[in-house]
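One structure is given here, and the rest of the page talks about it.
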Amino acid sequence: MSDSRETVSSKDTEEVIMEATFRALSKHGYTDLRMRDIGEEMDLTRQVIHYHFDGKYDLLSSFLEYVIDQYEGSVEVHEDDPRTELDARIDQCLFGPEFEEFSHWERMKVYHELYTHAQNDGDHREIFNEHYDRIRGSIVEVVEEGIERGEFEPVDAKRMGQLITDVIHAARGRRMALGHEDAPAEARKAIDQFILDSLYADD
């Protein structure tokens, strides 16, 4: 096994399984993934996986929530400033946090493969819908706070949050599906020029 693999002493068992699932999915893809493939990516027996999860579908459902939690919990803003927080949330969605293993876009590749299959899976589609709503909701909350404090123009915060979230999703999709590596950076420039410039009061 590779020296880079995590052991139980450095992470709890479930996280070891989740990270092994990342590696297995990146190699084999969603359709061809087997529980055996995940077991081969970690220093634990395959029986441990079956102890924690009732089969491949249950594991992938938990894995999807694990991926989402990594992103939703990664925004840290140390200043009480709506502009700073809004920028941080947009950048996090477009460029992602840093990880010890697998880059943001390697993780997004796995995320988007599951996203593609969700159109035929009601349970996974619901998980993605809830994630989308939380991303949009977090942006809406920042916009509403900025409006209340007089730092943002009195726009429709829900519509603004929807627009920003949709631009982010479109850019990530173009980057993943079409290989347009400049899509996130171009989306960031467009958000600044055509959306945020009209949001900031007294500029």
Side-chain angles (χ1 to χ4, degrees), residues 18 21-22 25-26 29-31 33 56-77 82-99 102-147 152 155-196 198-199:
M18 294 296 102
T21 303
F22 261 122
L25 276 168
S26 67
Y30 176 86
T31 303
L33 182 70
K56 173 181 171 181
Y57 187 83
D58 181 41
L59 189 155
L60 288 178
S61 295
S62 296
F63 173 76
L64 180 54
E65 293 177 340
Y66 172 78
V67 176
I68 290 171
D69 286 344
Q70 284 187 324
Y71 282 85
E72 291 185 348
S74 63
V75 176
E76 295 183 7
V77 180
R83 293 193 188 193
T84 301
E85 181 172 355
L86 186 56
D87 281 335
R89 292 193 177 280
I90 293 171
D91 285 343
Q92 179 253 13
C93 289
L94 282 172
F95 307 109
E98 295 184 4
F99 296 98
F102 287 106
S103 70
H104 163 63
W105 289 112
E106 288 172 321
R107 289 173 184 264
M108 279 291 100
K109 176 183 177 183
V110 172
Y111 175 95
H112 273 265
E113 183 169 7
L114 294 174
Y115 183 86
T116 300
H117 285 277
Q119 62 183 315
N120 299 315
D121 186 320
D123 291 337
H124 286 182
R125 186 166 61 248
E126 183 177 351
I127 293 173
F128 278 110
N129 266 316
E130 291 173 352
H131 176 46
Y132 178 87
D133 287 342
R134 288 194 295 270
I135 291 176
R136 179 180 58 190
S138 67
I139 293 174
V140 169
E141 287 179 4
V142 177
V143 174
E144 288 177 337
E145 181 181 357
I147 293 171
F152 295 167
V155 300
D156 184 326
K158 291 183 178 179
R159 184 168 293 173
M160 178 67 74
Q162 181 83 62
L163 176 59
I164 292 173
T165 306
D166 285 348
V167 171
I168 289 169
H169 274 70
R172 292 199 312 196
R174 186 159 68 89
R175 168 68 166 75
M176 297 305 306
L178 302 179
H180 296 177
E181 296 188 2
D182 64 339
E186 289 301 312
R188 176 76 242 214
K189 293 177 183 176
I191 289 172
D192 285 339
Q193 182 176 354
F194 301 113
I195 300 176
L196 299 189
S198 65
L199 181 63

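Between Leu196 and Arg83 the shortest side-chain heavy-atom distance does not fall below 4.5 Å. Under the 4.5 Å side-chain criterion, counting only non-hydrogen atoms from C-beta, Gln162 is in contact with Asp166. Taking the side chain as every heavy atom from C-beta outward, Phe63 and Leu25 approach each other to under 4.5 Å. The closest side-chain heavy-atom distance from Asp192 to Ile90 is not below 4.5 Å. Annotation: side chain of Lys109 is not in contact with side chain of Trp105 (no heavy-atom distance under 4.5 Å).
A cation-pi contact, defined as under 6.0 Å to the ring centre and within 45° of the axis, links Arg172 to Tyr111.
In terms of heavy-atom proximity, Met160 sits nearest to Ile195 at SD-CG2, 3.1 Å. The nearest pair of heavy atoms linking Ala157 to Val140 is O-CG2, 3.6 Å. Of all non-hydrogen atoms in Arg107 and Phe22, the two that sit nearest each other are NH1-CE1, 2.8 Å. Glu113 approaches Tyr30 most closely through the heavy-atom pair OE2-N, 2.7 Å. The two residues Gly161 and Ile139 have their closest heavy-atom pair at CA-CG2, 3.9 Å. Residues Val142 and Phe152 come closest through the heavy atom pair O-CE1, 3.7 Å.
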Begin from the C-alpha positions of Glu186 and Lys189 and carry the test salt bridge (charged side-chain N to carboxylate O under 4.0 Å, His left out) through to its verdict.
CA-CA 5 Å; Glu186 289 301 312; Lys189 293 177 183 176; 3.6 Å; yes

From CA spacing to verdict: ring pair (Phe, Tyr, Trp, His ring centres under 6.0 Å), Tyr115, His112:
CA-CA 5 Å; Tyr115 183 86; His112 273 265; 5.8 Å; yes

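Applying the 6.0 Å contact sphere to CZ of Arg125 captures more than 12 heavy atoms from other residues, nucleotides or ligands. Shown here is Lys56, whose NZ atom has more than 12 heavy atoms of other residues, nucleotides or ligands within 6.0 Å.
A donor-acceptor pair under 3.5 Å is formed between the side chain of Gln119 and the backbone N or O of Thr116.
For the side chain to side chain contact (heavy atoms under 4.5 Å, CB included) with Ile135, the lone residue among Gln92, Glu130, His169 that qualifies is His169.
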